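The model shown is predicted, which means the values in this text are computed figures rather than measured ones.
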Amino acid sequence: MRLVSACMTGTPCRYNGQAKPDPRVIRLVEHQEAIAVCPEMLGGLSTPRRPAEIVGGDGDDVLDGKARVIDESGQDVTEAFLAGAHQALKLAQAAGAREAILKEFSPSCGCATIYDGTFSGKRQAGTGVTAALLRRYGITVRSELALEE
């Protein structure tokens, strides 16, 4: 069993109210090989919502209290991101998921690359909050960019 980002299953849950469907991920859910989650919605954020980025580090730094998740209006949404990450972890553990396929670049789900916290479109190496938490609990995390056709 795998955990997957709900936006890649066609669920319109991204910050802009859109989805990023990926046929490979949709097939996994259809074949009951994966469960879909949106950590940001699990954390209580609405759809649509203001874009958010990690300021001062990456998801590991957020988990360690060294960085914050801030939306483009300056509102601190760290607690919602942390709550959503912990809910996603609980769902993964309950399902027996040992792997997660998550949406790259997201402040929740980014596996190797996230936006740099300046809202300028620049990216940096790092993980999102949920990806970091799942890894800490032994769940293999990779992005849709690493999926084979």
Side-chain angles (χ1 to χ4, degrees), residues 1-55 57-71 77-117 121-149:
M1 185 55 68
R2 297 176 179 123
L3 193 75
V4 296
S5 295
C7 61
M8 294 191 301
T9 68
T11 303
C13 57
R14 289 172 45 88
Y15 74 92
N16 58 4
Q18 301 295 310
K20 284 280 188 174
D22 184 308
R24 300 164 300 176
V25 174
I26 292 168
R27 276 193 300 276
L28 290 172
V29 173
E30 288 174 346
H31 293 143
Q32 299 180 357
E33 297 173 20
I35 57 169
V37 299
C38 175
E40 294 171 29
M41 290 188 70
L42 288 172
L45 296 174
S46 63
T47 299
R49 57 190 167 273
R50 289 187 173 99
E53 296 185 8
I54 298 173
V55 176
D58 70 358
D60 280 305
D61 296 312
V62 173
L63 294 173
D64 294 338
K66 298 175 184 175
R68 307 298 289 171
V69 185
I70 307 297
D71 76 17
V77 292
T78 304
E79 294 309 314
F81 275 74
L82 288 169
H86 284 281
Q87 288 298 317
L89 173 63
K90 284 181 186 178
L91 290 169
Q93 290 173 327
R98 301 303 308 148
E99 179 182 35
I101 301 167
L102 303 176
K103 184 72 185 107
E104 195 66 272
F105 313 128
S106 160
S108 289
C109 298
C111 301
T113 307
I114 56 173
Y115 289 96
D116 71 356
K122 293 180 184 173
R123 297 176 183 159
Q124 66 181 15
T127 60
V129 178
T130 298
L133 184 64
L134 294 174
R135 279 191 177 133
R136 286 186 181 191
Y137 280 83
I139 296 172
T140 301
V141 176
R142 60 187 177 132
S143 83
E144 79 282 9
L145 303 176
L147 283 176
E148 297 177 8
E149 289 299 322

Engineer: What's the spacing between Leu45 CG and Glu40 CD if we round to 0.5 Å?
Structural biologist: 6.5 Å
Engineer: Nearest 0.5 Å, what's the CG-CD distance between Leu134 and Gln93?
Structural biologist: 8.5 Å
Engineer: Where is the tightest heavy-atom contact between Ala132 and Thr127, given as atom of each residue plus distance?
Structural biologist: CB-OG1, 3.6 Å
Engineer: If I take atom OG1 from residue Thr113 and atom CG from residue Asp58, how far apart are they, to the nearest 0.5 angstrom?
Structural biologist: 11.0 Å
Engineer: Decide yes or no on side chain to side chain contact (heavy atoms under 4.5 Å, CB included) for Thr130 and Leu89, but give the supporting numbers first.
Structural biologist: CA-CA 8 Å; Thr130 298; Leu89 173 63; over 6 Å; no
Engineer: So, does Arg135 use its side chain to make a donor-acceptor pair with the main chain of Cys111 at under 3.5 Å?
Structural biologist: yes
Engineer: Listed by chain and number, what are the salt bridge (charged side-chain N to carboxylate O under 4.0 Å, His left out) partners of Arg123, not counting sequence neighbours?
Structural biologist: none
Engineer: Sub-3.5 Å donor-acceptor pair from the side chain of Thr9 to the main-chain atoms of Ala36, do we have one?
Structural biologist: no
Engineer: Distance check, rounded to the nearest 0.5 Å: Leu145 atom CG versus Leu102 atom CG?
Structural biologist: 11.5 Å
Engineer: Measure across Ile114 and Gly57 and return the closest heavy-atom pair with its distance rounded to 0.1 Å.
Structural biologist: CD1-O, 3.9 Å
Engineer: Is it true that a side-chain atom of Ser106 and a backbone atom of Ser108 form a donor plus acceptor pair closer than 3.5 Å?
Structural biologist: yes
Engineer: Give me the atom names and distance for the closest heavy-atom approach of Val129 to Phe81.
Structural biologist: CG1-O, 3.9 Å
Engineer: Hey, could you give me the NZ/CD distance between Lys122 and Glu53, rounded to the nearest 0.5 Å?
Structural biologist: 11.5 Å
Engineer: Looking at Lys66 and Asp60, is any side-chain nitrogen of the basic one under 4.0 Å from a carboxylate oxygen of the acidic one?
Structural biologist: no
Engineer: Within a strict 4.5 Å, meaning less than it, do heavy atoms of the Val29 and Ile35 side chains meet?
Structural biologist: no
Engineer: Checking side chain to side chain contact (heavy atoms under 4.5 Å, CB included) for the pair Arg49/Val77: CA distance, chi angles, key distance, verdict?
Structural biologist: CA-CA 11 Å; Arg49 57 190 167 273; Val77 292; over 6 Å; no
Engineer: Using modelled atom types and a 3.5 Å cut-off, is there a donor and acceptor pairing between side-chain atoms of Arg98 and backbone atoms of Gly138?
Structural biologist: yes
Engineer: Atom SG in Cys38, atom CD in Gln87: separation rounded to 0.5 Å?
Structural biologist: 12.5 Å
Engineer: So which atom in Ala92 and which in Ile139 form the shortest heavy-atom distance, rounded to 0.1 Å?
Structural biologist: CB-CD1, 3.8 Å
Engineer: Between the side chain of Arg24 and the main-chain N/O of Leu147, is any donor-acceptor distance below 3.5 Å?
Structural biologist: yes
Engineer: Between Glu104 and Glu144, which heavy-atom pair has the shortest distance, and what is it?
Structural biologist: N-OE1, 3.0 Å
Engineer: Tell me whether Thr78 contacts the main-chain N or O of Val69 through its side chain, where contact means a donor paired with an acceptor under 3.5 Å.
Structural biologist: yes
Engineer: Please find the pair of heavy atoms, one from Pro12 and one from Thr47, that lie closest to each other, and give the distance.
Structural biologist: O-CG2, 3.3 Å
